[in-house]
Amino acid sequence: MLDPIYESISERLASLELPVEWYNVQYEESMIHDAGFFVEFPDRIPIDELSKDAMRAPVKIRLHTYSKALRTNDGIPAETIQDHEKKAKDARDLLRNWAPEGCKKLNWTGWQHWHRWKGWMVTFVEFETKMMV
């Protein structure tokens, strides 16, 4: 049910030339790439029955933008932070108000920095949409 949305997002972000993967707790396991995106569907998806033959479901999408950010004696270099922010903003701009397969347009709903893994910068860019089921 969610794979067509994931595939659409992956294709849409291909122009940024960074890997896109389905989020599967990679921070706790292993990180393969120095930068990229994880697509997560963080919440339960309730189904609204509109009629006998039509159902609609609200979907939340969390895009993890991650970048390796090694510290120097002066902290994380400003260029590293700026580059990371640019990746997140470019992805947001590509996805905002765009409709993945089977969905309404994505509404940008949130932006949050998440520092979980030592040596990594992570920014969540969040969207909401509705899909027909």
Side-chain angles (χ1 to χ4, degrees):
M1 187 162 95
L2 296 173
D3 191 58
I5 300 170
Y6 165 78
E7 291 295 335
S8 292
I9 291 171
S10 183
E11 289 172 16
R12 181 77 173 177
L13 295 176
S15 65
L16 299 179
E17 298 181 353
L18 290 168
V20 179
E21 299 176 65
W22 191 292
Y23 178 65
N24 192 25
V25 196
Q26 287 92 329
Y27 302 113
E28 285 82 6
E29 299 295 321
S30 62
M31 300 288 280
I32 298 170
H33 306 285
D34 287 344
F37 305 103
F38 296 129
V39 178
E40 177 185 10
F41 302 95
D43 294 340
R44 177 183 168 273
I45 300 173
I47 308 298
D48 297 326
E49 286 198 51
L50 303 175
S51 70
K52 183 175 102 175
D53 298 321
M55 292 176 271
R56 180 178 57 204
V59 178
K60 291 185 181 179
I61 300 165
R62 178 177 293 147
L63 184 70
H64 301 227
T65 303
Y66 66 90
S67 302
K68 194 166 217 156
L70 300 177
R71 296 178 61 100
T72 66
N73 291 338
D74 297 327
I76 299 171
E79 299 81 26
T80 301
I81 296 167
Q82 291 163 0
D83 183 57
H84 173 80
E85 286 266 311
K86 181 175 180 350
K87 290 176 180 117
K89 287 177 184 176
D90 288 349
R92 178 209 52 202
D93 292 346
L94 279 173
L95 297 178
R96 187 176 183 189
N97 296 319
W98 165 79
E101 183 179 330
C103 296
K104 301 256 185 207
K105 290 181 180 180
L106 296 182
N107 296 315
W108 176 40
T109 59
W111 181 280
Q112 177 182 351
H113 291 285
W114 183 65
H115 306 283
R116 165 95 181 185
W117 186 284
K118 186 177 180 181
W120 295 93
M121 292 185 68
V122 179
T123 299
F124 294 154
V125 184
E126 298 182 336
F127 300 91
E128 292 183 6
T129 187
K130 292 188 174 157
M131 69 176 181
M132 296 305 291
V133 183

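What you see is a predicted model, and the numbers here were worked out from it, not measured in a lab. Heavy-atom basis, side chains included; hydrogens, waters and symmetry copies ignored.
Listed for the Ser8 side chain is a donor-acceptor partner under 3.5 Å among the backbone atoms of Pro4. A donor-acceptor pair under 3.5 Å is formed between the side chain of Thr129 and the backbone N or O of Lys104. Between the side chain of Trp22 and the backbone N or O of Asn24, no donor-acceptor pair lies under 3.5 Å.
Between Arg62 atom CZ and Thr109 atom OG1 the span is 9.5 Å, to the nearest 0.5 Å. Here CE of Met121 is found 8.0 Å from OG1 of Thr80. Values are rounded to the nearest 0.5 Å. Taking CD of Glu126 as the reference point, atom CD of Gln112 lies at 6.5 Å (rounded to 0.5 Å). Here CD1 of Ile9 is found 6.0 Å from CG of Leu106. Values are rounded to the nearest 0.5 Å. Rounded to the nearest 0.5 angstrom, Arg92 CZ and Leu63 CG are separated by 12.0 Å. Taking SG of Cys103 as the start and CD of Glu128 as the end, the distance is 12.5 Å to the nearest 0.5 Å.
In this structure the side chain of Val39 never reaches within 4.5 angstrom of the side chain of Ser10, judged on heavy atoms. Two residues are said to be in side-chain contact when any heavy atoms from C-beta on lie closer than 4.5 Å; Val20 and Tyr6 meet this criterion. A 4.5 Å side-chain heavy-atom check between Met1 and Met131 finds at least one atom pair inside the cut-off. Counting heavy atoms from C-beta outward, Ile45 and Val133 have side chains that stay 4.5 Å or more apart. A heavy-atom distance below 4.5 Å is not found between the side chains of Lys60 and Pro58. The side-chain heavy atoms of Lys68 and Trp120, taken from C-beta on, include a pair separated by under 4.5 Å. The side-chain heavy atoms of Leu18 and Leu13, taken from C-beta on, include no pair separated by under 4.5 Å.
In this view, Glu21 satisfies the side-chain hydrogen bond (donor to acceptor under 3.5 Å, both in side chains) rule with no residue, not counting sequence neighbours. With sequence neighbours excluded, the residues that form a side-chain hydrogen bond (donor to acceptor under 3.5 Å, both in side chains) with Asp83 are Lys87. Scanning for side-chain hydrogen bond (donor to acceptor under 3.5 Å, both in side chains) contacts around Ser67 gives His84, with sequence neighbours left out.
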- Task: Please test Met31 against Tyr66 for side chain to side chain contact (heavy atoms under 4.5 Å, CB included), starting from the C-alpha separation and ending with a verdict.
- Result: CA-CA 10 Å; Met31 300 288 280; Tyr66 66 90; 3.5 Å; yes
- Task: Would you check, one step at a time, whether the test side chain to side chain contact (heavy atoms under 4.5 Å, CB included) holds for Trp108 with Val125?
- Result: CA-CA 8 Å; Trp108 176 40; Val125 184; 3.7 Å; yes
- Task: Verify side chain to side chain contact (heavy atoms under 4.5 Å, CB included) between Trp111 and Lys89, making sure each step is shown before the conclusion.
- Result: CA-CA 10 Å; Trp111 181 280; Lys89 287 177 184 176; 3.8 Å; yes
- Item | Steps toward side chain to side chain contact (heavy atoms under 4.5 Å, CB included) verdict (Phe41, Ile5) | CA-CA 10 Å; Phe41 302 95; Ile5 300 170; 3.9 Å; yes
- Item | Criterion salt bridge (charged side-chain N to carboxylate O under 4.0 Å, His left out) on Lys86 and Asp90, from CA distance to verdict | CA-CA 6 Å; Lys86 181 175 180 350; Asp90 288 349; 2.7 Å; yes
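For the side chain to side chain contact (heavy atoms under 4.5 Å, CB included) with Phe127, the lone residue among Asn107, Asn97, Leu95 that qualifies is Leu95.
Looking at every heavy atom in both residues, Ile47 comes nearest to Ala57 through CD1-CB, 3.7 Å.
Centroid-to-centroid, the aromatic rings of His64 and Phe37 stay 6.0 Å apart or farther.
Cluster membership check: Phe38 does not share its hydrophobic cluster with Leu2, using side-chain heavy-atom separations under 4.5 Å among Ile, Leu, Val, Met, Phe, Trp and Tyr. Residues Val59 and Tyr23 do not share a hydrophobic cluster, clusters being chains of Ile/Leu/Val/Met/Phe/Trp/Tyr side chains in contact below 4.5 Å.
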